[in-house]
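The chains referred to below are lettered A, B, ... by the order of the sequence lines, with proteins before strands, and numbering in each begins at 1.
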Amino acid sequence: MFPDYFRFHVAPHIDSFVKWMTVAWGPAFDAFSNTVLSMLLRIEDLLLVIPWWLWLTGVMLISWLQTRRVRYPLALGLLLFSIGVFGLWEVSMETLAIIITAVIISLLLGIPLGIAMAESERFSAVLTPVLDAMQTMPSFVYLIPALMLFGLGKVPGVVATVIYSLPPVVRLTNLGIRQVSADVQEAARAFGATRWQMMRDVRLPLAVPSILAGINQTTMMALAMVVIASMIGAGGLGELVLIATNRINVGDGFEAGWAIVVLAIIIDRLTQGLGKRWETPKT
Amino acid sequence: MDKDENFVIEVEHLWKIFSGCVKDIDVTDHSSLARAEEEGAVAAVRDVSFKVKKGKVFVIMGLSGSGKSTLIRCVLRLVEPTAGRIIVSGEEVTSMNKQQLTDFRRRRAAMVFQHYGLLPHRTVWENVSFGLKLRGVSREERREKAQEVIEKVGLVGWENHYPSQLSGGMQQRVGIARALVQDTDVLLMDEPFSGLDPLIRSEMQDELLRLQNEFNKTVIFVTHDLNEALRLGDQMAVMKEGVIVQAGTPQEIVTQPVDEYVERFVQDERRVADILEKEEKYSGIKVVDSGKSKTRKIRAIGIVRGDKVVP
Ligand SMILES: Nc1ncnc2c1ncn2[C@@H]1O[C@H](COP(=O)(O)OP(=O)(O)OP(=O)(O)O)[C@@H](O)[C@H]1O
Ligand SMILES: [Mg+2]
């Protein structure tokens, strides 16, 4: 047996630290929490206001504009239709609202971080190991800080999702900017481009395809996380899967799982198409 | 007359050493330099000095890798010189601060790049007017000025195409237009006409001569083509491994080459072919004569001699 006198627990100290934080920083957390929640609810309302048939035609139309083929839009339309058939429409929209909120916050944080990484070697050296750690850590771990700071509910779900889905967009923004050809940058410099002009007119626009790929990946990661975040009360499709698993209710679990896969496919197709659309004028 | 008024470009004892991780190289100290070179530093420009008078064209020739591009880049401080002074229109470029340098690049000198360096996400006219945009010129004025030069370089009808839709020669002309539209006193041209076919090439040469006569432009011009050098150059320098081995008027250089290296640049077509043949026999490597101008062949000699040739 491990001797008892070596025993030491950090748990009570962490608890008291978090308690102190939530008291000391309470108003800040509340304000943040309220902003995220109102944003989330507004997005959810918007998603639910749009009638199902408009969703269907909208997705099919976008898909057709991207591929110019009949097969893909038809398949996507059918998949989306099946969600409604299973009676999972509202719940899916709930999940989608969390994803959209989390992705918006991720992009607002991630793109500037990626730009900063490309601009500063030192910042990049600091952030790279952090991103590596974030991507290797199991996703459940992110539930803990979210839970500690925001308790149970949708907001901690969004927070955990943001943390989990942040790395790809940061990385790919950084990478995209760094990959811009040295010849082009040199020419811009020769004509007197300042650092800011170089970023705005040359580096950032040429990094767009890479940034869009980052957005795609971030969205997919957000979808994966939002299912897990149901464990801390984020609701949505994940919650149904969770309940079904606890009750060993295979059929319900399959239906909810199916809806998640459908969302994944549709989001992936549409955001990937975005990247391709951007690239076409150049070739 | 004041000497500053006479010479628009003055380069004094310019050095550029690509040192990688080697630091503290004292170019005046031979042992320091030798040590650095042993550790992998490349001295691309070694103690180069020259002056160009207002309205003159200064041509630089030399084998691939002899440091021509590095030298011309130093004038805009696109590569930071290791030592030496560069003075343009009486202003010392090498001691300018960031803001002065930006202003200098925007208004005083424009460059045409060997590798074009066009913005792939911008159309032809947007590329041409890029420098004006950086200066803050209004869109209408940019449009108008760009159109003028686009006509000059013969790209009418291509204004709204992207660089990737253009041939190499056309892209090069966009690069030339982009520099001309700046309307600067000084033009820096790094093999600007090398990608053009003979007809357009001679048209562009005429255009450059016209501009230079009319607006008294001062030009540094890098080329591999002796005919071009003779046609355009008022002064000429031949570089070898970072050093100017001979400078003078093109006529001087052609009639009195100082060494065998320079001689090779100034031979007539026939003689170049002879050297080529000799080289082939000597090295056993067959150089395919594509029937193009002798630029090709001189470049080919570069290949045989193991120099780096950038296609
Ligand atoms: N950024 C760099 N880092 C390290 N070495 C460099 C760099 N740029 C150029 N060099 C080296 O400097 C030397 C001169 O190169 P430079 O490009 O000036 O030659 P060049 O005369 O323009 O050749 P070309 O006719 O092929 O254009 C070469 O040995 C090259 O390898
Ligand atoms: Mg060169």
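Atom CZ of A/R200 is surrounded by more than 12 heavy atoms from other residues, nucleotides or ligands within 6.0 Å. Heavy atoms from other residues, nucleotides or ligands lying under 6.0 Å from CZ of B/F50 number more than 12. Other residues, nucleotides and ligands contribute over 12 non-hydrogen atoms within 6.0 Å of the CD atom of B/E80. The number of heavy atoms from other shown groups lying within 6.0 Å of NZ (B/K56) does not exceed 12.
Shortest non-hydrogen contact noted between B/G117 and A/A187 is O-CB, 3.2 Å. Heavy atoms only, all atoms of each residue included: B/L118 and A/V184 are closest at O-CG2, 3.4 Å.
Rounding to the nearest 0.5 angstrom, the gap separating the CG atom in A/L206 from the NE2 atom in B/H121 is 4.5 Å.
Counting heavy-atom pairs under 4.5 Å between each of B/Y116, B/F130, B/F113 and chain A puts B/F113 at the top. Between chain B and the residues A/A182, A/S181, A/A188, A/A190, the largest count of heavy-atom pairs under 4.5 Å involves A/A190.
For the pairing with A/R189, the side chain to side chain contact (heavy atoms under 4.5 Å, CB included) check across B/L76, B/T102, B/L78 returns one residue only, B/L78. The residue from B/R105, B/R178, B/R106 that alone fulfils the side chain to side chain contact (heavy atoms under 4.5 Å, CB included) condition with A/F191 is B/R178.
Looking at B/Q182, only its side chain comes within 4.5 Å of chain A, counting heavy atoms on both sides.
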Problem set entry | Step-by-step side chain to side chain contact (heavy atoms under 4.5 Å, CB included) determination, A/D201 to B/K133 | CA-CA 10 Å; A/D201 291 338; B/K133 190 181 176 197; 3.7 Å; yes
Problem set entry | Worked verdict on B/R73 versus A/E186 for side chain to side chain contact (heavy atoms under 4.5 Å, CB included) | CA-CA 10 Å; B/R73 280 188 173 110; A/E186 181 183 44; 2.4 Å; yes
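Inspection of non-hydrogen atoms places no residue of residues 106-135 of chain A under 4.5 Å from chain B.
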